[in-house]
Number of protein chains: 2
Amino acid sequence: MTDPTGHEAVPTPPTSAAVARRAGVSRATVSYVFNGQAAGRVGAGAQARVRAAAEELGYVPHAAARSLRAGRGRIVLLAAPADTAPVFGPLFADFLAGFQSALHRLGYTGVLHGAPADAPLDAARAWAELRPAAVLTLHDPPLDASAVDLLKRAGTAAVLTPGPQAPPGAHALLLDQSEAGRRAGAHLLAAGRRRIGVVLPAEPGLAASADPRLAGVRAAAAGHPDAAVHPLDLALTEESAARLVARWPALGLDAVFAYNDAYAMLLMRALQDAGHAIGTGPGRIAVVGADDLLLARLLRPRLTSVRTEAIAPDRLAHLVDTLVRAPSTPPATHRLGTFRVVPRASG
Amino acid sequence: MTDPTGHEAVPTPPTSAAVARRAGVSRATVSYVFNGQAAGRVGAGAQARVRAAAEELGYVPHAAARSLRAGRGRIVLLAAPADTAPVFGPLFADFLAGFQSALHRLGYTGVLHGAPADAPLDAARAWAELRPAAVLTLHDPPLDASAVDLLKRAGTAAVLTPGPQAPPGAHALLLDQSEAGRRAGAHLLAAGRRRIGVVLPAEPGLAASADPRLAGVRAAAAGHPDAAVHPLDLALTEESAARLVARWPALGLDAVFAYNDAYAMLLMRALQDAGHAIGTGPGRIAVVGADDLLLARLLRPRLTSVRTEAIAPDRLAHLVDTLVRAPSTPPATHRLGTFRVVPRASG
DNA sequence: TTGAAAGCGTTACCAG
DNA sequence: CTGGTAACGCTTTCAA
């Protein structure tokens, strides 16, 4: 009943040879019919017989055999560890779906692969087994030079890693988180705020975007000698927010960039519960979130938020296609999106 | 520079033959070393030489060639269209990542594939080309009998589609959304509510879970002759919420099950802005959300929410593994999770 | 302990 | 216009 590997036998799928036999033609003819090369080579009658035979047998070409023969895979590997979603925000799933179907339209198969962040070389080896046409990693730390080298030697036409700079041979994907910080910082400074807190989420995996955001706020503040920037540790729990708010009087901050709308909501609620006034006026604490969720508009006061203007998924898919078709394109940096402040009543 | 397909040449990846040549052994020996069959067959010296040669050349086995030879693929195909994320809630990305890495641990490669919902048979054909060991679809409408048949004839050991009932030969995956409705309805009825509104999101793709939720509330109300259930159309915009609230006095509802926490927040805010009191007391409107996000705890009043107790991703992965190893297992229904009301102040 | 060879399903090439 | 043949990279049986 079971074979030595513990698998039961599964009926062998029909092959092109079976179709050929049934249609009374050669395997090459079947191949032509299934690849649109039939015009001018295969007679109409033979074509019809081939299609009928395939239909009856339930024949479907075998992708592995095809790409083995072609020497080139059509897989685009998207490497994203479990904690990518928070980094890219709640819109990541939408982006992923759009990217996936855009790839499909271009004839690629998108494969999402979890990444063991601790061993980039092992991960690269696992990916290389699939002989992907392209590899996109979205996580930190980015692939190192040896991992990129391994992939390229395995025939991967394009390797894209998070920027700002990529290892030799890889293209950089830049979603410059420090820009989010710069925009938020500039907005608050323009509103006259000088003592600015920046939330650093305690949740793991978010440091990769939180740190550059903090750096961005600092960069914005560098132009204002009287401005001070304070990192604030905060976990996504009410207890953590309460602890932070308890320290608030001692901190003496007049503004806070809260990493994203969820942290902003948490902190704003805790500040309000403690009797602090939120908003743009004097004596109020300015609060800025990020992601510009519906949430931001529903809070009271309405939440000022840094919005990510992400590249359209199909544009990214087209970029990948271009790079795959011209593997010798010199590595460059490609922006994944930019940031913009949506000002509302909270700050 | 470019070949006829518009692709530049990419350096050919090293093959096991190249490794064998470099190590001065046969290709069979290389294969043994890379598949753990080396013990008692290949001498220690030869093993070391093979590994060294592979390292130097950057050799990685070719998954397509391997599975072509093995006759059995290791791909688990997860078919999820763009609008799956809303159906499964914001936790879908986490679930996906966990499922993916659990599969990886079991030796499978998880592939996420967008589903052209309009042509299930075309989708099935595209999937069948990958000769997946298993196919899981998460979308509505589920695969029909002919699509399942095609996949099985292509050697797919296990096909899983959303329940409650699956086509012949396919297993059913049940996340019984009507249970969410029943739980919410029972909760509200037990609290004495009798005129219950149920939000039907206007956003496309959510009807698949919203309709059974409504049915669940109706089922719960069936035991109470004096109870009435009203469907309420609502889009995720403030304008839509304002329109709904304007009709509220005419509706005369004393409770609402708001589909999820986001819709609940939107509606609750609009009701409050219009002067309605939210909560459990008499004269107040009871509001129940779903998903039990952090959001629910931060709203005031705190939001009662229906929480999904989802199956652990690795349990689903193990289920898939089991079914793949025993393809003749009679089709059955497998629960993806259950629902539970988390009562708070809003209702 | 190692090597030779067959075969997985597909497609490109070249005779017929 | 059609069909045979070889080759893609790998695993595995069999023989040395």
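In what follows, every chain begins at residue 1, and chains take the letters A, B, ... in the order their sequences are listed.
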For a quick check of understanding: with a heavy-atom distance under 4.0 Å over all strands, which category does B:Val25 fall into, base, sugar-phosphate or nothing?
sugar-phosphate
Tell me every residue that passes side chain to side chain contact (heavy atoms under 4.5 Å, CB included) with A:Ala312, counting only those two or more places apart in sequence or in another chain.
A:Asp314, A:Arg315
Among residues at least two apart in sequence or on other chains, which ones pass ring pair (Phe, Tyr, Trp, His ring centres under 6.0 Å) with A:Tyr59?
A:Phe34
Drop me the distance from B:His171's NE2 to B:Thr333's OG1, to the nearest 0.5 angstrom.
10.0 Å
Carefully, step by step, assess A:Tyr32 and A:Val25 under the rule side-chain contact (heavy atoms from CB on, under 4.5 Å).
CA-CA 11 Å; A:Tyr32 287 135; A:Val25 299; over 6 Å; no
Those residues that, when tested against A:Ala134, pass side chain to side chain contact (heavy atoms under 4.5 Å, CB included) (two or more places apart)
A:Val76, A:Ala158, A:Val320, A:Val324
Would you kindly compare B:Ala64 and B:Thr29 by the position of their nearest DNA chain D nucleotide and give the one closer to the 5′ end?
B:Ala64
Difference in axis direction between the ends of the helix from C:dT1-D:dA16 to C:dG16-D:dC1, five pairs, 10°:
50°
For A:Arg51, the salt bridge (Lys or Arg N to Asp or Glu O under 4.0 Å) test, sequence neighbours excluded, returns none
With sugar-phosphate meaning primed atoms plus P, OP1 and OP2, does A:Gly71 contact a base, only sugar-phosphate, or nothing at under 4.0 Å between heavy atoms?
nothing
With DNA chain C as reference, determine whether B:Arg49 or A:Phe34 sits nearer its 5' end, using the nearest nucleotide of each.
B:Arg49
Distances under 3.5 Å between nitrogen or oxygen atoms of protein and nucleotides 6-10 of chain C:
unit_1: C:dG7; atom_1: N2; unit_2: B:Arg69; atom_2: NH1; d: 2.9
unit_1: C:dG7; atom_1: N3; unit_2: B:Arg69; atom_2: NH1; d: 3.1
unit_1: C:dT10; atom_1: OP1; unit_2: A:Tyr59; atom_2: OH; d: 2.7
unit_1: C:dT10; atom_1: OP1; unit_2: A:His62; atom_2: N; d: 3.1
unit_1: C:dT10; atom_1: OP2; unit_2: A:Ser16; atom_2: N; d: 2.6
unit_1: C:dT10; atom_1: OP2; unit_2: A:Ser16; atom_2: OG; d: 3.1
unit_1: C:dT10; atom_1: O4; unit_2: A:Arg27; atom_2: NH2; d: 2.5

For B:Thr29, which residues count as a side chain to side chain donor-acceptor pair (under 3.5 Å) partner, sequence neighbours excluded?
B:Ser26
Roughly how far apart are A:Leu160 CG and A:Leu78 CG, rounded to 0.5 Å?
10.0 Å
Using nucleotides 13-16 of chain C, report all nitrogen or oxygen pairs with the protein that are shorter than 3.5 Å.
unit_1: C:dC13; atom_1: N4; unit_2: A:Tyr32; atom_2: OH; d: 3.1

Counterpart residues, side chain to side chain donor-acceptor pair (under 3.5 Å), relative to A:Thr15 (two or more places apart):
none
Between B:Arg125 and B:Asp122, does at least one N-O distance fall below 4.0 Å, as a salt bridge requires?
yes
Distance check, rounded to the nearest 0.5 Å: B:Gln100 atom CD versus A:Leu112 atom CG?
6.0 Å
Please work out if B:Ala46 contacts a base, only the sugar-phosphate, or nothing of the nucleic acid, heavy-atom cut-off 4.0 Å.
sugar-phosphate
For A:Arg335, which residues count as a salt bridge (Lys or Arg N to Asp or Glu O under 4.0 Å) partner, sequence neighbours excluded?
A:Glu179
Which residues pass the side chain to side chain donor-acceptor pair (under 3.5 Å) test with A:Arg105, sequence neighbours left out?
A:Ser101
Distance under 4.0 Å to a non-hydrogen atom of chain A counts as contact; along DNA chain D, which nucleotides mark the start and end?
D:dC1 to D:dG9
